[in-house]
Amino acid sequence: MTSQRCNSYYTASINQETDYPQLDGEVRVDVAIIGGGFTGVATAVELCEKGLKVAIIEANKIGWGATGRNGGQVTGSLSGDQAMTKQLRKTWDGDAEEFVWNMRWRGHDIIKKRVEKYGIQCDLKHGHLQAAYKPSHMAELEAMHEEAHRRGMGDDVKLLSKADMPDYLESPIYHGGLLNTRNMHLHSLNLCIGEARAAESMGALIFENSPVEDIIHGDTPAVVTAKGRVTANSVLLAGNAYHKLARKKLMGTIFPASLGNLVTKPLGDEVANAINPKDLAVYDCRFVLDYYRLTADKRLMFGGGTNYSGRDSKSVANELRPAIEKTFPRLKGVEIEYEWTGMAGIVINRIPQLGKLSDHVFYCQGYSGHGVATTHIMGEIMANAITGSLTEFDAFAKMKHIRIPLNEWFGNQALAAGMWYYKMLEKLR
């Protein structure tokens, strides 16, 4: 049975659809990767560039999950940065703050170089604005602006006052913002498919519509599907929120949260240039935030309203329309052409989870809604680990994470309650 992609703008605007075979029979490679999203594909490119023979085994289609359903923003935001820094101070042989700061921008460099090297057409553009939804948010943006200057990034950032905002967005709701020209936005599904084709050009084997049923551990681990088996020296489990493998080890550590996204009908140059004249990606400063950008064909892509219960939203358009019309009053009644959801993998302390299930079976997951850049950083770290350079991998593998007992449903309800608490704090801020 062939899995269909969701009815999203990304699906409708794929440069070239994938058509990889199902796994059928026995295959032997150096590394078997379970999951054909950004984590798996980015790691595969890194490994292929190092000369290894790789197989990607994907249950649906390349980029089928959150990789092909997100807001397409490549930003320096690490939602678990403070928790990460606190733990690294105890274990990292060096300046923990410097390491975390450099991580913010590392994914940008990997993506830019890869797009250029392999000629990937994914509408890559620079320019991002973090907007102050309340006056109290400006202190946070001022601190970020100051840190960027202190660390030599002053040319890339500009602090905007409320009076400056009309030059950047036709919106009455913001009290200022932080403009960042190092941050980027792009067509995430075309990026992932382009990277998969790059890996394929270097000899990677890619299998779609091949759900993994079991992982066999040992000196030469294997990945088993209904019709085939891939034996390898190493296995990487990179399914994030979409798999149910290794539940004994991983259950209670990562939780699916439904992210809603939509895209309007084409707005036309006049309206698009009026509401967002600098063609910036935008998100606000709230804990549960709205995020949006223009697509290459001048539509508005708008996301937000994360559902932490683990259930999909009944109608993304109905839920997000009030936020769109509040943000851009001129878009009242705008026609919405695509709406979809995707499951992000949420970690309680927001630190990506890297580790081993056994000596030769690795896992990497949990980007808490900040995955486009972070997956590419983790792909580099995982490829280094698999080929014997374990310093960064070990730093993450030593991180302490919170496990919620009982079952996934209970964990999601606890997570939803926690998010409600933070939203109440935000209202009082």
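Note that the structure is predicted; figures quoted are calculated from it, not measured.
- When each of T231, T220, N233 is tested with R28 by the rule side-chain hydrogen bond (donor to acceptor under 3.5 Å, both in side chains), just one qualifies, namely N233.
- The side-chain heavy atoms of K112 and H126, taken from C-beta on, include a pair separated by under 4.5 Å.
- Checking H401 against N349 by side-chain atom types alone, a donor-acceptor pair falls below 3.5 Å.
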* Worked verdict on Y133 versus C285 for side-chain contact (heavy atoms from CB on, under 4.5 Å) -> CA-CA 6 Å; Y133 200 84; C285 295; 5.6 Å; no
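- Looking only at distances, no side-chain donor or acceptor of N70 sits under 3.5 Å from a matching main-chain atom of V372.
- Shortest non-hydrogen contact noted between H217 and S358 is ND1-OG, 2.6 Å.
- Rounding to the nearest 0.5 angstrom, the gap separating the OH atom in Y10 from the OG1 atom in T295 is 9.5 Å.
- Interatomic distance, K400 NZ to Q87 CD, rounded to the nearest 0.5 Å: 6.5 Å.
- Between V54 and V45 the shortest side-chain heavy-atom distance does not fall below 4.5 Å.
- Here CE of M153 is found 7.5 Å from OG1 of T181. Values are rounded to the nearest 0.5 Å.
- Side-chain atoms of S234 do not come within 3.5 Å of backbone N or O of V31 as any donor-acceptor pair.
- For E147, the CD atom is densely surrounded, since the number of other residues' heavy atoms within 6.0 Å is greater than 12.
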* Would H185 and D279 satisfy side-chain contact (heavy atoms from CB on, under 4.5 Å), going step by step from the backbone distance to the final call? -> CA-CA 10 Å; H185 52 101; D279 199 6; 3.9 Å; yes
* To do: Decide side-chain contact (heavy atoms from CB on, under 4.5 Å) for T391 and W92; before the verdict, give the C-alpha distance in whole Å, the side-chain angles of both, and the deciding distance to 0.1 Å.
  => CA-CA 9 Å; T391 304; W92 185 248; 4.1 Å; yes
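- A donor-acceptor pair is defined here as one N or O able to donate and one able to accept, closer than 3.5 Å; such a pair exists between the side chain of W340 and the backbone of R69.
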* To do: Dump the intermediate steps for side-chain contact (heavy atoms from CB on, under 4.5 Å) on L191 and H376, then the final yes or no.
  => CA-CA 11 Å; L191 173 61; H376 286 78; 4.1 Å; yes
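- Note: L178 CG to E140 CD = 9.5 Å, rounded to the nearest 0.5 Å.
- Environment of NZ in K227: sparse, with no more than 12 heavy atoms of neighbouring residues, nucleotides or ligands closer than 6.0 Å.
- Listed here is the closest heavy atom pair of L237 and A246: CD2-CB, 4.2 Å.
- Classification of R229 and E213 as a salt-bridged pair fails, no side-chain N sitting under 4.0 Å from a carboxylate O.
- Atom CD of Q130 sits about 13.0 Å away from atom NE2 of H145, to the nearest 0.5 Å.
- When each of Y9, Y291, F328, Y292 is checked for a ring-ring contact (aromatic ring centres under 6.0 Å, His included) with F302, only Y292 meets the rule.
- Side-chain atoms of E58 and Y20 include no donor-acceptor pair closer than 3.5 Å.
- Checked by atom type and distance alone, the side chain of K53 pairs as donor or acceptor with a backbone atom of G203 at under 3.5 Å.
- Side-chain contact of S201 with Y118: a donor-acceptor pair under 3.5 Å is absent, judged by distance alone.
- Counting heavy atoms from C-beta outward, T75 and N180 have side chains that stay 4.5 Å or more apart.
- Classified by interplanar angle (parallel below 30°, tilted 30° to 60°, perpendicular above 60°), the ring pair F396/F99 is tilted.
- Pairing each heavy atom of G228 with each of L23, the nearest pair is C-CD2, 3.8 Å.
- A heavy-atom distance below 4.5 Å is found between the side chains of R151 and E97.
- For E142, the CD atom is densely surrounded, since the number of other residues' heavy atoms within 6.0 Å is greater than 12.
- Between I120 and N190, the closest side-chain pair of non-hydrogen atoms is not below 4.5 Å.
- With hydrogens and angles disregarded, a donor-acceptor distance shorter than 3.5 Å links the side chain of H108 to the backbone of V74.
- Distance alone, capped at 3.5 Å, places no donor-acceptor pair between the N276 side chain and the A272 backbone.
- Side chain of Y242 to main chain of M343: a donor-acceptor pair is present (N/O by atom type, distance under 3.5 Å, no hydrogens or angles).
- L280 has its side chain within reach of L179: a pair of non-hydrogen atoms, C-beta onward, lies under 4.5 Å apart.
- Between G379 and E46, the shortest heavy-atom contact is O-CG, 3.9 Å.
- Using a 4.5 Å heavy-atom cutoff, the side chains of Q353 and M378 are not in contact.
- Formation of a donor-acceptor pair under 3.5 Å by the D284 side chain with backbone atoms of D290 is found in this model.
- Nearest heavy-atom pair, G107 versus I377, reported as atom, atom and distance to 0.1 Å: N-CG1, 3.4 Å.
- Checked for salt-bridge contact, K117 and E49 meet the test: a charged N lies under 4.0 Å from a carboxylate O.
- The structure places CZ of R321 at 9.5 Å from CD of E339, a figure rounded to the nearest 0.5 Å.
- Dense packing is recorded around CD of E98, with more than 12 heavy atoms of other residues, nucleotides or ligands lying under 6.0 Å away.
- Checking side-chain atoms of R350 against main-chain N and O of D81 turns up no donor-acceptor pair under 3.5 Å.
- Side chain of R299 to backbone of T264: a donor-acceptor contact under 3.5 angstrom is found.
- You'll find the side chain of H360 reaches within 4.5 Å of the side chain of D219, heavy atoms only.
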